[in-house]
Amino acid sequence: MLYYLFNYLYKVHHVPGTGVFQYTTFRAALAVVTSLIIAQFFGKPLIRVLQRAQIGETVRDLGLQGQLEKKGTPTMGGLIILLAILVPTLLFAKLDNIYIVLMLLSTVWLGLIGFVDDYIKVVKKDKEGLAGRFKILGQVGLGLTVGWVLFFSNEVTVRQYLLPNGQLSAVDASGVYQDVKLMITTVPFLKNNELNYGDLFATAGDFFNEYYAFFYIPIVILIITAVSNGANLTDGLDGLAAGTSAIIGTTLAVFCFVSGNALLADYLDIMFIPNAGELVIFCTAFVGACVGFLWYNSFPAQVFMGDTGSLAIGGIIAVLALIVRKELLIPVLCGVFLVESLSVMLQVSYFKYTRKKYGEGKRLLRMSPLHHHYQKLGYHESKIVSRFWIVAIMLAVLTLVTLKLR
């Protein structure tokens, strides 16, 4: 909103200094500072409100070190994250940008699903929370909406350059170009690294070639559901999900900046996505919110984010990756989330298999998700979180390397 005010003052009244709001980098800096301030100043009062409302974590005794000490710690702290994301974005971003609208929608949508789940658990005292089918239904609904907008909206385009041979390319910045509606994505580590989803069905007949949206949208649904659930599973130790998400968010901010800047996209020889640069404001608010939340969530945690925060941050990461056409990098960038999810799936599958075959279930890990396995091995919670952060940083660097290594 402030963008439009200062833009008016600059263009109509020529007020000195107001033109600085035209720069994405300036507004991104304001967004991260504002999100940190909101998390700091509103975090403590919100924690006190949650404590007075007795909205505390119910802990089952699983034999983990330090687990019972967490009983009664306020949850629903994800409200701090949501507030610290939404307010700076509303203040400093262009609200008529289709990508900003999608990100605000995704944040509120999954935040509400997580809030309902937490509310049922801690207020209604129902340990099961929101029924799994309703949670999945909400995630599928968001995936359907995001996929539909990305596929059909005329505001979602990529820049194509006319080559001397008459063909179009997303990465060869010649003097002639056009912004076209094209569903292409980036394939990491390959030289000619653009994949057109439509080409996957080009030989399957005219129907499939024309209506491949019916195949693209399920992919979007799968990605959003998988990453949001992965973040949810990772949220099991103090600071683990928030810190990992801040690292991932910083990486995505870089991708948004270079993909939305024609000069940098030309220099790096990558796909230019018009209007995607505005997402840097959202990304910096997201990173600031996660880092600000760590002030209260680092060991020993004063508040847990709950599903209110974990489902939202996972969905945010998934939608950002889809918008900047980096969804194929998610297994690398979100490797921590992926391994946590796989550890649960493998543990459950192996237990069922051995029970069916031998009459007694056996476990691959001492406990899942993976971070609990290390707790069972005797590692301190802080050491596990720190090492997972280090792995997340290494994966983020590897992801950024794909900008030139192909």
Side-chain angles (χ1 to χ4, degrees), residues 28 30-58 70 72-93 103-123 129-130 228 231-250 252-253 281-317 319-320 385 389:
L30 288 180
V32 70
V33 170
T34 304
S35 63
L36 286 168
I37 292 173
I38 289 173
Q40 287 292 300
F41 283 90
F42 289 94
K44 194 67 175 179
L46 182 57
I47 292 172
R48 285 197 292 265
V49 169
L50 295 174
Q51 288 172 332
R52 285 197 298 268
Q54 296 183 334
I55 300 177
E57 184 76 4
T58 302
K70 298 183 179 184
T73 302
T75 188
M76 287 191 185
L79 292 171
I80 300 172
I81 297 176
L82 298 181
L83 187 67
I85 293 173
L86 294 173
V87 173
T89 303
L90 290 172
L91 286 176
F92 303 117
M103 294 315 306
L104 291 173
L105 174 66
S106 302
T107 304
V108 174
W109 191 310
L110 288 177
L112 282 174
I113 294 173
F115 177 82
V116 171
D117 189 38
D118 286 336
Y119 183 83
I120 294 172
K121 287 178 182 176
V122 300
V123 178
L130 183 66
S228 59
N232 186 239
L233 289 172
T234 304
D235 182 33
L237 298 179
D238 297 349
L240 179 56
T244 304
S245 298
I247 295 166
I248 295 171
T250 303
L252 287 171
I281 288 91
F282 183 92
C283 289
T284 52
F286 173 72
V287 172
C290 291
V291 172
F293 181 72
L294 275 175
W295 185 270
Y296 302 106
N297 185 239
S298 57
F299 183 85
Q302 298 171 256
V303 66
F304 301 136
M305 70 169 66
D307 285 6
T308 306
S310 60
L311 286 178
I313 61 178
I316 286 168
I317 289 168
V319 178
L320 280 170
V385 171
W389 285 356

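For the atom pair CE (Met305) and CG (Leu294), the distance works out to 7.5 Å, reported to the nearest 0.5 Å. Atom-to-atom distance recorded for Asp235:CG and Thr244:OG1 is 10.0 Å, nearest 0.5 angstrom. Note that CG of Leu110 is 10.0 Å distant from OG of Ser310, once rounded to the nearest 0.5 Å. Within the model, atoms OG1 of Thr308 and CG of Leu112 stand 9.0 Å from one another, a figure rounded to the nearest 0.5 Å. Interatomic distance, OG of Ser106 versus CD1 of Ile317, reported as 12.0 Å (0.5 Å rounding). Expressed to the nearest 0.5 Å, how far CZ of Phe299 lies from CG of Leu240 amounts to 13.5 Å.
Here the closest heavy-atom approach between residue Leu311 and residue Ile113 is recorded as CD1-CG2, 4.1 Å. Scanning all heavy atoms of the two residues, the minimum distance from Ile38 to Pro88 falls at CD1-CD, 4.0 Å. Between Cys290 and Ala242, the shortest heavy-atom distance links the atoms CB-O, 3.5 Å. Ala289 and Ile81 get closest at one heavy-atom pair: CB-O, 3.7 Å. Nearest heavy-atom pair across Gln40 and Tyr296 is O-OH, 2.7 Å. Shown here for Leu50 and Gly77, the closest heavy-atom pair between the two residues is CD1-N, 4.4 Å.
Using modelled atom types, no side-chain atom of Trp295 and backbone atom of Leu36 make a donor-acceptor pair closer than 3.5 Å. Ser35 places a side-chain N or O within 3.5 Å of a backbone atom of Val32 that can act as its donor or acceptor partner. Side-chain atoms of Asp238 come within 3.5 Å of backbone N or O of Ala301 as a donor-acceptor pair. With hydrogens and angles disregarded, a donor-acceptor distance shorter than 3.5 Å links the side chain of Thr284 to the backbone of Ala28. Side-chain N or O atoms of Asp117 include none that pairs as donor or acceptor with a backbone N or O of Gly129 at under 3.5 Å.
Side chains of Leu130 and Tyr119 form no contact here, defined as non-hydrogen atoms less than 4.5 Å apart.
Between the side chains of Asp118 and Thr75, not a single donor N or O lies within less than 3.5 Å of an accepting N or O.
For Thr89, the side chain to side chain contact (heavy atoms under 4.5 Å, CB included) test picks out Ile85, Ala93, Ile100, Leu104, Phe282, Ala285, with sequence neighbours left out.
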